[in-house]
Amino acid sequence: MASCSLFHPQTKIKPFNQNHPRLTYHPPTVISCSFSTSNPSSPPPPAAASKNRRAADENIRDEARRQRSTTNNTFSAKYVPFNAGPDSPEFYSLDEIVYRSRSGGLLDVQHDMESLKKFDGAYWRDLFDSRVGNSNLFWAERFGKQFLGMNDLWVKHCGISHTGSFKDLGMTVLVSQVNRLRKMKRPVVGVGCASTGDTSAALSAYCASAGIPSIVFLPANKISIAQLVQPIANGAFVLSIDTDFDGCMKLIREVTSELPIYLANSLNSLRLEGQKTAAVEILQQFDWEVPDWVIVPGGNLGNIYAFYKGFKMCHELGLVDRMPRLVCTQAANANPLYLYYKSGWKDFKAVKASTTFASAIQIGDPVSIDRAVYALKNCNGIVEEATEEELMDAMAQADSTGMFICPHTGVALTALIKLRNSGVIGPLDRTVVVSTAHGLKFTQSKIDYHSKEIKDMACRFTNPPVQVKADFGAVMDVLKKYLGSKAPI
Ligand SMILES: Cc1ncc(COP(=O)(O)O)c(C=O)c1O
Ligand SMILES: N[C@@H](CCOP(=O)(O)O)C(=O)O
């Protein structure tokens, strides 16, 4: 949660709402999670939105039920082939169990934008403001000023959430829909995913809360202990498989086409509808001012598209007047998007991803490659990469200024450092780095770094504990030496 001292002086930041029902199941229609259902034929003035606000003792599900019964809701959404033209006849109800288009391509959730546009930007802003419930947007004052000469640098801590990563935002939507499908007696016995640790954590928690079986495929010995224990503790059926994430992903796709297990990876476009709300949160936290840059670490590449979609929706509905530029950044050990970008988008090749401290993005064959390319091309985006040393140093430097970030956020900060040093990102540019998971999930990498136990890595920013005898004189000696090395304030 944001404390006053972390606020940027010129920015009105909306407070973090601790009572936000992150683990509450939203009503079935995706759009009704976020939007009011007033009669769209006569848009109410902005102030009227506040009349729709739910009372303090009403949860968001009850509010949606009440509004559906008293208003004429014509909003709708459906699956369409990804990037299909307006004339494409192919579409599916959100109640169908479908992950691919007829041609085998990706799907996308398409909202009836014409209905939504009957309300103006002020209306939507007011409605979103009435439902605020954000993860922390942290003014990275020290890191920005000390290392980059920037005064307007922010870190969006999506990992300060129920299961400790941004996956919670999408999983609440997906599991809510599964809940609905099961109530409709659709053949869904369980929900499954392949995972590098965060998707499985979110899936197992939300399924456990809803009483739905979850099945997770994990690459053996390739995820952190903290991530492994999450689905175990939440009662998921955990398969530790002797392959990498891409191997697990292939298997879960085959399995979900044979068995009544609903696929929870971001190949399923429902997930991205939840994840895109992080973009809305950022805009809302800046009081609907658009940042210049948003930097996102990429692996399976659903999230970069989710951010694009969230910003695009806010632009199209008039909540904001422009789009930020997006930067997607990968570990150099797992960099198929980066190589594709460097080829001038000419030659995409999946890679065999090597081990990286950013283990959650050790992915060589991202399912959302087409979505990511679309997003980046349409916002003048950039792709960067980070070596192991760069990402670990960036993480250590950020931690030394009061953050406690994950290595993936170190990957994103490395992109920022490179783009700032090359002058692409200017000193006055308002920049948001997306922190995707909680640092406490990745303590082993920090221990390795601060113990200087990483082969071929200088570990330039270590801060190891000092071993000292239980003796007053010895303690005084080390303290005097330490204080002598510090300049007086
Ligand atoms: C912590 C973390 N950061 C970043 C990513 C990358 O997100 P995406 O797969 O949507 O590109 C993932 C998952 O892949 C993750 O778990
Ligand atoms: N980092 C992810 C990898 C799978 O991504 P998804 O968004 O397609 O589910 C994880 O935590 O499993």
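Remember, it's 1-based here, ligands and their atoms both numbered in the order they're listed.
The backbone N or O of Leu337 sits less than 3.5 Å from a side-chain atom of Gln330, completing a donor-acceptor pair. Side-chain atoms of Thr431 come within 3.5 Å of backbone N or O of Asp429 as a donor-acceptor pair.
Put simply, the side chain of Thr409 reaches to within 4.5 Å of the side chain of Val433, judged on heavy atoms.
Contacts with ligand 2 closer than 4.0 Å are made by side-chain heavy atoms of Asn300 only, the backbone lying farther away. At a heavy-atom distance under 4.0 Å, only side-chain atoms of Arg271, from C-beta outward, approach ligand 2. Counting heavy atoms under 4.0 Å from ligand 1, residue Lys167 touches it through the side chain alone.
Looking at Asn303 next to ligand 1, an N or O pair under 3.5 Å apart turns up. Geometrically, ligand 1 and Gly299 share a nitrogen or oxygen pair separated by less than 3.5 Å. Looking at ligand 1, you won't find any N or O of Gln275 less than 3.5 Å from one of its N or O atoms. On a distance-only criterion, Ser200 and ligand 2 share no N/O pair closer than 3.5 Å.
For ligand 1, the atoms closer than 4.0 angstrom to any heavy atom of His408 are 1 (C), 3 (N). In the vicinity of Phe245, heavy-atom distances shorter than 4.0 Å reach the ligand 2 atoms 3 (C), 4 (C). The contact set between ligand 1 and Ala437, taken as ligand atoms under 4.0 Å from a residue heavy atom, comprises 1 (C). The Asp198 neighbourhood of ligand 2 comprises atoms 10 (C), 11 (O), with distances under 4.0 Å to a heavy atom of that residue. The contact set between ligand 1 and Gly302, taken as ligand atoms under 4.0 Å from a residue heavy atom, comprises 8 (P), 10 (O), 11 (O). Atoms of ligand 1 found under 4.0 Å from any heavy atom of Pro297, numbered from 1 in the order shown, are 4 (C), 6 (C). Every atom of ligand 1 with a heavy atom of Ile361 under 4.0 Å away is listed here by number and element: 4 (C), 5 (C), 6 (C), 12 (C).
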Inset, instruction - Quick one: do Tyr449 and Phe357 satisfy ring-ring contact (aromatic ring centres under 6.0 Å, His included)? Show the steps, please. - result: CA-CA 10 Å; Tyr449 184 90; Phe357 281 104; 8.6 Å; no
Legend entry - ring-ring contact (aromatic ring centres under 6.0 Å, His included) evaluation trace for His450 with Phe461: CA-CA 8 Å; His450 288 286; Phe461 306 103; 9.8 Å; no
Inset, instruction - Evaluate ring-ring contact (aromatic ring centres under 6.0 Å, His included) for Phe217 paired with Phe237, printing each intermediate quantity in order. - result: CA-CA 9 Å; Phe217 288 12; Phe237 187 59; 8.9 Å; no
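With rounding to the nearest 0.5 angstrom, the OG atom of Ser240 is 7.0 Å from the CG atom of Leu228. Rounded to the nearest 0.5 angstrom, Asp198 CG and Gln230 CD are separated by 7.0 Å.
Here the protein heavy atom with the shortest distance to atom 5 (O) of ligand 2 is Lys167 NZ, 3.3 Å. With hydrogens left out, the protein atom closest to atom 12 (O) of ligand 2 is Ser195 OG, 2.5 Å, a heavy atom. Considering only non-hydrogen protein atoms, atom 12 (C) of ligand 1 sits nearest to Phe166 CE2, 3.7 Å. Protein heavy atom in closest approach to atom 14 (O) of ligand 1: Ala360 O, 3.3 Å. Distance from atom 1 (N) of ligand 2 to its nearest protein heavy atom, with residue and atom name: Thr196 OG1, 2.7 Å. Closest protein heavy atom to atom 3 (N) of ligand 1: Thr436 OG1, 2.7 Å. When hydrogens are left out, the protein atom nearest atom 16 (O) of ligand 1 is Asp198 OD2, 2.6 Å; that is the closest non-hydrogen contact. Nearest to atom 8 (P) of ligand 1 among the protein's heavy atoms is Leu301 N, 3.4 Å. Scanning all protein heavy atoms for the shortest distance to atom 9 (O) of ligand 1 gives Asn300 N, 2.7 Å. Remark: minimum distance from atom 6 (P) of ligand 2 to any protein heavy atom is reached at Ser266 OG, 3.4 Å.
Using bins of under 30°, 30° to 60° and over 60° for the plane-to-plane angle, the ring pair Trp288/Phe128 lands in the tilted bin. Classified by interplanar angle (parallel below 30°, tilted 30° to 60°, perpendicular above 60°), the ring pair Phe82/Tyr374 is perpendicular.
Residue Ala360 places a heavy atom less than 4.0 Å from ligand 2. Close to ligand 2: Gly197, with a non-hydrogen atom less than 4.0 angstrom away. Not a single heavy atom of Ser165 lies less than 4.0 angstrom from ligand 1.
Between Lys222 and Asp244 there is no salt bridge, since no side-chain N of the basic residue sits under 4.0 Å from a carboxylate O of the acidic one. The existence of a salt bridge linking Glu281 and Lys156 is confirmed by a sub-4.0 Å separation between a basic side-chain nitrogen and an acidic carboxylate oxygen. Look at Arg430 and Asp292 and you find no salt bridge, because none of the NZ, NE, NH1 or NH2 atoms lies under 4.0 Å from a carboxylate O. Salt bridge annotation for Asp95-Arg180: present, with a cationic side-chain nitrogen under 4.0 angstrom from a carboxylate oxygen.
Side-chain rings of His438 and Phe404 stay apart, their centers remaining 6.0 Å or farther from each other. The six-membered or imidazole ring of Trp345 lies near that of Tyr340, with a centre-to-centre distance under 6.0 Å.
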